[in-house]
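Heads up, the thing below is written out as structure tokens.
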Amino acid sequence: MQFIGYGHSMAQSPRNFTAKMFTEYRTARLASDILKVVKVSLATGGRFLEIANLKGSQLSKYKITYTKTNGKKNRTVPIGEALYKDIYK
């Protein structure tokens, strides 16, 4: 019997299987997060560190508010519905 998507036999050591599964999940999650940062950066002109340090309170419906920017002023930038749904998940 194989675990769907991983191609590992269930007869393998659970410890090794879990470590491999965790590593694959973490890698996929990191790639997904980087893709979201790139999309937000391209859509809003935000810098990577500004985006990486966003808090949930800075995201409102179809808007992102950047605080602690290089210019020392807060700025609010509109975003599209599709991007909002992608990053709000």
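N74 contributes atom CG, which lies 8.5 Å from atom CD of Q58 (distance to the nearest 0.5 angstrom). In this structure, T44 OG1 and L54 CG are separated by 8.0 Å, a value rounded to the nearest 0.5 Å.
Looking at T27, its side chain does come within 3.5 Å of a backbone N or O of T23 through a donor-acceptor pair. Under the 3.5 Å distance criterion, the side-chain polar atoms of S41 are left unmatched by any main-chain donor or acceptor of G45. Counting only distance, with no hydrogens or angles, the side chain of D86 and the backbone of A82 share no donor-acceptor pair below 3.5 Å.
I34 and Y88 fall within a single hydrophobic cluster, where Ile, Leu, Val, Met, Phe, Trp and Tyr are joined by side-chain heavy atoms under 4.5 Å apart, directly or via other members.
Between Y62 and L83 there is no side-chain heavy-atom pair separated by less than 4.5 Å. Side chains of V40 and I79 form no contact here, defined as non-hydrogen atoms less than 4.5 Å apart. At least one side-chain heavy atom of I64 sits under 4.5 Å from a side-chain heavy atom of I87. At a threshold of 4.5 Å between non-hydrogen side-chain atoms, the residues V77 and Y66 count as touching. Put simply, the side chain of R75 reaches to within 4.5 Å of the side chain of E50, judged on heavy atoms.
More than 12 heavy atoms of other residues, nucleotides or ligands shown are found within 6.0 angstrom of CG on L42.
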